Number of protein chains: 2
Amino acid sequence: MATIYDVSQLAGVSLATVSRVMNKSDSVSDKTRKKVLEAMDKLGYRPNTFAQSLASNCSNSIGVLVSQLDGPYYGPMMAEIEESLRLDNKHVIIAVGHSNAEQEIDSVEFLLGRGVDALILDVEAVSDEYLIALSKGPTPIVLINRYIEPIKERCIYLENELGGYLATRHLLELGHRDIAYISGPAKKHDAQERLVGHQRALTEYGARFDPSLCVAGDYKEDSGVACMEQLLHSGKPFTAVVCANDQMASGAISACLERGMKIPQEMSFVGYDNIPFARYAVPKLTTINNPIHEMGKMAALWLLKHLYKKNVQVDSVFEPQLVVRSSAIQKV
Amino acid sequence: MATIYDVSQLAGVSLATVSRVMNKSDSVSDKTRKKVLEAMDKLGYRPNTFAQSLASNCSNSIGVLVSQLDGPYYGPMMAEIEESLRLDNKHVIIAVGHSNAEQEIDSVEFLLGRGVDALILDVEAVSDEYLIALSKGPTPIVLINRYIEPIKERCIYLENELGGYLATRHLLELGHRDIAYISGPAKKHDAQERLVGHQRALTEYGARFDPSLCVAGDYKEDSGVACMEQLLHSGKPFTAVVCANDQMASGAISACLERGMKIPQEMSFVGYDNIPFARYAVPKLTTINNPIHEMGKMAALWLLKHLYKKNVQVDSVFEPQLVVRSSAIQKV
DNA sequence: CTGTTAGCGCGTTCAA
DNA sequence: TTGAACGCGCTAACAG
């Protein structure tokens, strides 16, 4: 592997000059620049990034910590982050937190130990205080899917409450009044917010929130099945269900179908997230669009702007939107 | 940020000794080790990985190149790779190839330039020759989802042909004889192999392969819809369809449902991959299990074994298995 | 078992 | 505009 020294020899210049042409410093004459470039080319020279990082104290790498890598949710986000960063020759190092505070902290430490220039975090178990403290450290952080007032300028998030509101309002406008709710885990912020939105819509339309028609799952399909069974067994009458994400909606619908119920004729459903599956489900799922890939992109752009001083536009607040398909219909 | 020097001073030992305790070299007395550990602790010392990499010429990082990050396919694979490697304190740098030769090569160069210790590649556009040449370079590579004879010891793959065979045989055993096939892109190796398996089953059961009942999609849902429309419009009679992956099966089924057909009563379907969606589809999808996450894990273990000399067991060939659900039934 | 010393490859003053 | 020299933090002989 050729080094900067080899290049300098071949080009007949000093190390410093080679370094200058690499770093696009303009105080190099065109003639020498050309000589150096040719020498690099001839040697197939590739700078050693570790030496660069060691000397410059900048790694051009970003640590990305997500809750999970499988599932329909994080793939699109990671894809956008990778792409946006890659365009600027930065690379991403991934770590997984598994929605567990200990693992999240461990992963942050791991990435920090790896010398990343910044952190993009989609974490849910760790406390606000921890993140606030972290944000005061030397390594910049950006938060996706989380709003923390004191560091709101580093938060990229969806207005989850509004989404919950829109989902339920849609059903109310279709004439439903007895609406069940399958929530996400009570500890998760987004789950709480979505539920609050649901309740607001109910109140606004003069329907009352019945706690016995609200059960919590874990955002996965299986829990959608279980929650639906529970609701059905409760004996309480209801004609529609709002699910805090599409995966649980999928499970819930499949539980109904399993019993021979007709969907949406006998039960209306609204999901949340608009994962690809929603378009091909049967019936096609009415849901709330969650522009998770956009948020990933914005997190990357935020860093490009604030850390690497690129001139880009970044949005940080995203509005959920209702996507009407065919899983929810007028109450009969 | 404390350095190894600070630690050595505080502990009253030399740099080398500190380095030894970090690298778990056993030739350090318990007493000094303890002193050093305490000093590290007190200083909140964290080794600088760039300096380590520069000095040791080993980065403890693995480059992972996949075709895409979104979609149901690569998430589980990445998750296993990350987890397995992380247990040994290695980290993962990701890049995306978009099934495009130029981008794949570009990504390989990018990762190599990043000084990764090895490469895990799930690539499809690049030629066998390129990969063979790459494998002769200084950076070890492991291939997922691809079999190349001259470097087969670095290949982790699924017996795709067998899967195609099993899918079609299942339908043949259910009495179907006119079986359509929705294939993946003709250039992709796995798509070719799956199709060959389909044809072998047909031949074995004395059914003939009708090219006009075989159309190719791009592995995405939408193309499943389009292919199904095309088959239906062809006028040729058929009672079952094998799809080269679950996503296209999902699209194909939704196209039938859209026309008011009853599935599986009027048309049987078998998919391929067994993505999570398959379990919650309506009807539940009969498919071929593709242990993609296992393959990811094995790729990681392969490196742990051959590169980092860990003592682990690795399997490299995976057998697909039929998963019977309810999208394919006896021919009436 | 421990310390000394010489790099690893590059960025960055400071002079010239 | 260019070059010499030092230092980034750590590993790996080699010596003792």
Side-chain angles (χ1 to χ4, degrees), chain A residues 1-40 43-61 89 112-117 138-139 308, chain B residues 1-40 43-61 89 91 112-117 138-139 308-309:
Chain A
M1 198 76 261
T3 75
I4 194 175
Y5 177 79
D6 302 324
V7 176
S8 74
Q9 292 299 299
L10 210 171
V13 298
S14 74
L15 295 175
T17 302
V18 178
S19 176
R20 286 192 189 96
V21 347
M22 282 201 291
N23 298 295
K24 322 245 181 269
S25 157
D26 31 36
S27 50
V28 178
S29 74
D30 283 354
K31 206 166 22 170
T32 31
R33 181 192 309 283
K34 187 157 169 257
K35 275 195 303 188
V36 172
L37 258 14
E38 283 173 359
M40 285 181 168
L43 292 172
Y45 171 71
R46 214 186 260 156
N48 179 315
T49 54
F50 303 119
Q52 286 180 317
S53 297
L54 183 58
S56 69
N57 200 30
C58 164
S59 68
N60 283 313
S61 72
N89 233 353
L112 252 21
R114 241 56 206 188
V116 296
D117 290 343
T139 309
Y308 300 113
Chain B
M1 196 77 261
T3 75
I4 194 174
Y5 177 79
D6 302 324
V7 176
S8 74
Q9 292 299 300
L10 209 171
V13 298
S14 74
L15 294 176
T17 301
V18 178
S19 175
R20 285 192 189 97
V21 346
M22 281 200 291
N23 298 295
K24 319 243 182 273
S25 156
D26 31 37
S27 52
V28 178
S29 76
D30 283 354
K31 205 164 23 170
T32 33
R33 181 191 310 283
K34 189 160 167 255
K35 274 195 304 190
V36 172
L37 258 14
E38 283 173 359
M40 285 180 168
L43 293 172
Y45 171 71
R46 214 186 261 159
N48 179 315
T49 55
F50 305 119
Q52 287 179 317
S53 298
L54 183 58
S56 68
N57 199 30
C58 165
S59 67
N60 284 313
S61 73
N89 237 338
H91 69 269
L112 252 21
R114 239 58 206 186
V116 297
D117 290 343
T139 308
Y308 299 114
K309 309 303 178 193

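The structure presented is a predicted model; accordingly, all values stated were derived computationally and were not measured. Proteins come first, then strands; the chains are lettered A, B, ... in the order of their sequence lines, and each starts at number 1. Heavy-atom basis, side chains included; hydrogens, waters and symmetry copies ignored.
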dist Y45(B):OH -> I4(B):CD1 (nearest 0.5 Å) comes out at 4.5 Å
message = Checking contacts here: which listed nucleotide (dG9(C), dC10(D), dG3(D)) is nearest the side-chain heavy atoms of R20(A)?
response =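 The listed nucleotide nearest to R20(A)'s side chain is dG3(D).
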> For the side chain of A55(A), counting heavy atoms from C-beta on, which of dG11(C), dA12(D), dA4(D) is nearest?
Replying inline: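 When the side chain of A55(A) is considered, dG11(C) is the closest of dG11(C), dA12(D), dA4(D).
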Does a side-chain N or O of [X] approach OP1 or OP2 of [N] to a distance below 4.0 Å, or not?
X      : N       : answer
N57(A) : dG11(C) : no
S19(B) : dT11(D) : yes
T17(B) : dG3(C)  : yes
Y5(B)  : dT11(D) : no
N48(A) : dC8(C)  : no
S14(B) : dG3(C)  : yes
Q52(A) : dC10(C) : no
S53(A) : dC10(C) : no

Expressed in angstrom and rounded to an integer, what is the separation of [X] atom [atom1] from [N] atom [atom2]?
X      : N       : atom1 : atom2 : answer
K34(A) : dT2(D)  : NZ    : C1'   : 19 Å
F50(B) : dG11(C) : CZ    : P     : 14 Å
N23(B) : dG9(D)  : CG    : P     : 18 Å
N60(B) : dT11(D) : CG    : P     : 11 Å
L15(B) : dA12(D) : CG    : P     : 14 Å
K35(B) : dT2(C)  : NZ    : P     : 8 Å
L43(A) : dG9(C)  : CG    : C1'   : 15 Å
L54(B) : dA6(C)  : CG    : P     : 18 Å

For this session: Please figure out whether A51(B) or T32(B) has its closest DNA chain C nucleotide nearer the 5' end.
Result: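 On the 5' side of the pair lies T32(B).
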- Query: Using a cut-off of 4.0 Å on non-hydrogen atoms, how would the nucleic acid contact of V18(B) be classed: base, sugar-phosphate, or nothing?
  - Reply: nothing
Do S53(A) side-chain atoms and F50(B) backbone N/O form a donor-acceptor pair below 3.5 Å? no
Original post:
Are the side chain of D117(B) and the backbone N or O of C58(B) linked by a donor-acceptor pair below 3.5 Å?
Top reply: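 Checked: no pair found.
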Please determine whether side-chain contact (heavy atoms from CB on, under 4.5 Å) holds for the pair S8(A) and T17(A), giving the CA-CA distance in whole Å, both sets of side-chain angles, and the decisive distance to 0.1 Å. CA-CA 8 Å; S8(A) 74; T17(A) 302; over 6 Å; no
Practice prompt. Taking all heavy atoms of S61(B) and all of H91(B), pick out the closest pair and write down the distance.
Written response: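 Residues S61(B) and H91(B), closest heavy atoms: CB-NE2, 3.1 Å.
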